[in-house]
K.L.:
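Let me begin by handing over the structure; questions about it come next.
Counting begins at 1 with the first residue of the sequence. Source: prediction; values computed, not measured. We use all heavy atoms of the structure for the numbers below, so side chains are in, but hydrogens, waters and symmetry mates are not.
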Amino acid sequence: MTRWTLTVKDHRFQRIDASMIRRRWLAEHGKHEIEQARLIADGLAVPLGDLFQISVAESAQDEVVIEGTDAAFDRLGAGHDRGLFRAVGDVGDAAGCGLQGGRLSISGSAGDNVGAPWGSRKSGQTRGEIEVIGDVGDYAGHRMRRGTLTIGGAAGAFLAASMVAGTIVVGGAIGRQACAGMRRGSLLLASPQNEAAFSGSRRFSEVFEFSAGFLPLFSSSLTRELLGRLANQTIGRVRADRQLAGLGEVLFPRSA
């Protein structure tokens, strides 16, 4: 097993397409080839060695570590398939798009389309885990089919839009039009401030109380921490999106 560590050098790029940095691709190339390979940054083909200090070492599991990331880095963890992909810092849009397995961990915040479809593909995250410690932008979990997406902070508009299956956990506030087009799957909200988003809309069923005995079963420590906030609270549940006869569910703590 191998650990690839890519430490970001100083740069002035506004948008960097990092989708080529994938475990499978790294495993097929030596260090020199990786340094010479080019990605697209602000429309220019830039060698990875100009953007990153790269090291390769043995590891107990396959692991890709990107240190010092910022919001310019789009599509980090795109199509990740196994092992750990870890971004230390904030990231840009489409992090973990088309995730197929393994685990993507982001120590900061992320932009739009986390776990959403990659390019022209119809499905977003299909397996594995995505964990974002901070906030995320719009369309997180768009067209998600399986797996777990955990967001420690707030989420923007259209969270879980067109979701087919899987589980999304959010620690903070959510934006407008959550669960639009949701077919199935679970959205678990740790903050009671989100209850109002599911009242008075024909897209959601009536709120009813629910006993969620499965909450302690999640393996991620962040997920367990967020869901631990629901302990000893009254949990509300609604179905979504009812305008599409959707069977998705949303759980949240009832406000006093």
K.L.:
Kindly indicate, with the supporting measurements, whether the criterion side chain to side chain contact (heavy atoms under 4.5 Å, CB included) is fulfilled by I130 and L99.
P.N.:
CA-CA 8 Å; I130 300 175; L99 192 88; 3.7 Å; yes
K.L.:
Could you see if V170 belongs to whatever hydrophobic cluster contains V207? Use Ile, Leu, Val, Met, Phe, Trp, Tyr and a side-chain cutoff under 4.5 Å.
P.N.:
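Yes: a chain of side-chain contacts under 4.5 Å links V170 to V207.
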K.L.:
When rounded to the nearest 0.5 angstrom, what is the spacing between CG in N113 and CZ in R143?
P.N.:
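CZ of R143 is found 12.0 Å from CG of N113.
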K.L.:
For a quick check under 3.5 Å, do T150 and S220 share a side-chain donor-acceptor pair by atom type?
P.N.:
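On atom types as modelled, these side chains do not qualify, holding no pair under 3.5 Å.
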K.L.:
Can you tell me which residue among S186, C179, S205 is in a side-chain contact (heavy atoms from CB on, under 4.5 Å) with E249?
P.N.:
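Checked S186, C179, S205 against E249; only one passes side-chain contact (heavy atoms from CB on, under 4.5 Å): S186.
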K.L.:
Side chain to side chain donor-acceptor pair (under 3.5 Å), that's the test. Do S191 and Q193 meet it? Break it down for me.
P.N.:
CA-CA 5 Å; S191 173; Q193 65 184 302; 2.9 Å; yes
K.L.:
Look up atom CD1 in I21 and atom CD1 in I54, then write down how far apart they are to the nearest 0.5 Å.
P.N.:
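Atom-to-atom, I21:CD1 and I54:CD1 are 8.0 Å apart.
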K.L.:
Just by modelled atom types, is the G134 backbone N or O under 3.5 Å from a matching donor or acceptor in the S109 side chain?
P.N.:
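No, because the side chain of S109 does not come within donor-acceptor range (under 3.5 Å) of the backbone of G134.
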K.L.:
Sub-3.5 Å donor-acceptor pair from the side chain of H80 to the main-chain atoms of G83, do we have one?
P.N.:
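Yes.
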K.L.:
Between W25 and L6, is there a shared hydrophobic cluster once you connect ILVMFWY residues whose side-chain heavy atoms come closer than 4.5 Å?
P.N.:
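Yes, W25 and L6 fall within the same hydrophobic cluster.
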K.L.:
Is V164 reachable from L187 through a run of I, L, V, M, F, W or Y residues, each pair having side-chain heavy atoms under 4.5 Å apart?
P.N.:
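Result: no, two separate clusters.
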K.L.:
Below 4.0 angstrom, N of the basic side chain to O of the carboxylate: do E209 and R237 qualify?
P.N.:
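No, this pair does not count.
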K.L.:
What pairs of residues pass the salt bridge (Lys or Arg N to Asp or Glu O under 4.0 Å) test when at least one of them lies in residues 17-33, not counting sequence neighbours?
P.N.:
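Matches after skipping sequence neighbours: D17-R75, R23-D62, R23-D81, R24-D81.
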K.L.:
How close do R145 and A165 get, heavy atom to heavy atom, and via which atoms?
P.N.:
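Reported closest heavy-atom pair: O-CB, 2.8 Å.
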K.L.:
Answer yes or no: is there a donor N or O on one side and an acceptor on the other, between the side chain of Q233 and the main chain of R229, under 3.5 Å?
P.N.:
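Yes: the side chain of Q233 pairs with the backbone of R229.
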K.L.:
Between D112 (side chain) and D138 (backbone), is there a donor-acceptor pair under 3.5 Å?
P.N.:
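Judged by distance alone, yes, a pair lies under 3.5 Å.
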K.L.:
Set out, in order, the CA-CA distance, both residues' side-chain angles and the distance that settles side chain to side chain contact (heavy atoms under 4.5 Å, CB included) for F198 and V250, then state yes or no.
P.N.:
CA-CA 9 Å; F198 305 100; V250 185; 3.6 Å; yes
K.L.:
If you look at every heavy atom in G166 and M144, which pair is closest and at what distance?
P.N.:
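So the two residues come closest at CA-CE, 4.2 Å.
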K.L.:
With a 4.5 Å limit on heavy-atom distance, are the side chains of L104 and F85 in contact?
P.N.:
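SC-SC contact between L104 and F85 confirmed.
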K.L.:
Just verifying a value: how many Å separate T126 OG1 and R121 CZ, rounded to the nearest 0.5 Å?
P.N.:
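So the OG1 of T126 and the CZ of R121 are separated by 10.5 Å.
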K.L.:
Taking the six-membered ring for Trp, are H11 and F52 closer than 6.0 Å centroid to centroid?
P.N.:
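That pair fails the under 6.0 Å test.
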K.L.:
Would you say Q53 and T7 are linked by a side-chain donor-acceptor pair, where the criterion is simply a distance under 3.5 Å?
P.N.:
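There is no such pair between these side chains.
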K.L.:
How about L84 and Q61: do any of their side-chain heavy atoms sit closer than 4.5 Å?
P.N.:
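Yes, close enough: below the 4.5 Å cut-off.
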K.L.:
Short question: side chain of N194, backbone of G172 - any donor-acceptor pair under 3.5 Å?
P.N.:
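Confirmed, N194 side chain pairs with G172 backbone.
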K.L.:
What's the spacing between Q177 CD and L159 CG if we round to 0.5 Å?
P.N.:
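Result: 12.0 Å between the selected atoms.
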K.L.:
So which atom in A87 and which in V91 form the shortest heavy-atom distance, rounded to 0.1 Å?
P.N.:
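The answer is CB-CG1, 3.8 Å.
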K.L.:
Do M20 and L48 touch side chain to side chain, with heavy atoms closer than 4.5 Å?
P.N.:
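Sidechains of L48 and M20: in contact.
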K.L.:
Answer yes or no: is there an ion pair linking E58 with R3, defined by an N-O contact shorter than 4.0 Å?
P.N.:
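Looking at R3 together with E58, the answer is no, because their closest N to O distance does not fall below 4.0 Å.
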K.L.:
For the residue pair I34 and L26, establish whether any side-chain heavy-atom pair is separated by less than 4.5 Å.
P.N.:
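Yes, close enough: below the 4.5 Å cut-off.
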K.L.:
Is any side-chain heavy atom of L251 less than 4.5 Å from a side-chain heavy atom of L189?
P.N.:
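A side-chain contact under 4.5 Å is absent here.
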K.L.:
Evaluate the side-chain proximity of I133 to E131: yes if any heavy-atom separation is below 4.5 Å, no if none is.
P.N.:
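In contact.
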K.L.:
Can a salt bridge be assigned to the pair R15 and D74 using a cut-off of 4.0 Å between side-chain N and carboxylate O?
P.N.:
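So R15 pairs with D74 through a salt bridge.
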K.L.:
Please examine the side chains of V238 and F252, heavy atoms only from C-beta on, and report whether any two atoms are closer than 4.5 Å.
P.N.:
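A side-chain contact exists here, since the closest heavy-atom pair is under 4.5 Å.
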K.L.:
Atom CZ in R86, atom OG in S107: separation rounded to 0.5 Å?
P.N.:
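Nearest 0.5 Å value for the CZ-OG distance: 8.5 Å.
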K.L.:
State, to 0.1 Å, how close I174 and A197 come at their nearest heavy-atom pair, and which atoms those are.
P.N.:
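Where I174 meets A197 most closely, the heavy atoms are CD1-CB, 4.5 Å.
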K.L.:
On a heavy-atom basis, which atom in A160 and which in M182 lie closest, and how many Å separate them?
P.N.:
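Shortest heavy-atom contact: O-CB, 4.1 Å.
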K.L.:
Please report the closest heavy-atom contact between S19 and W118, naming both atoms and the distance.
P.N.:
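Minimum heavy-atom contact is CB-CZ2, 3.9 Å.
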K.L.:
Please tell me whether V132 and V88 are part of a single hydrophobic cluster in this structure, the criterion being side-chain heavy atoms less than 4.5 Å apart.
P.N.:
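Not linked; separate clusters.
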K.L.:
Can you check side chain to side chain contact (heavy atoms under 4.5 Å, CB included) on V46 and R38, steps first, answer last?
P.N.:
CA-CA 5 Å; V46 180; R38 296 172 182 265; over 6 Å; no
K.L.:
Decide yes or no on side chain to side chain contact (heavy atoms under 4.5 Å, CB included) for R146 and Q125, but give the supporting numbers first.
P.N.:
CA-CA 6 Å; R146 289 188 193 89; Q125 178 181 353; over 6 Å; no
K.L.:
Look up atom CG in D90 and atom CZ in F73, then write down how far apart they are to the nearest 0.5 Å.
P.N.:
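Taking CG in D90 and CZ in F73, the distance rounds to 12.0 Å.
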K.L.:
Taking side chain as C-beta onward, heavy atoms only, is L39 less than 4.5 Å from L51?
P.N.:
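L39 vs L51: side chains touch.
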K.L.:
Spell out, yes or no, whether F158 and V136 are grouped together once hydrophobic residues are joined by side-chain heavy atoms under 4.5 Å, including indirect joins.
P.N.:
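No, no single cluster joins them.
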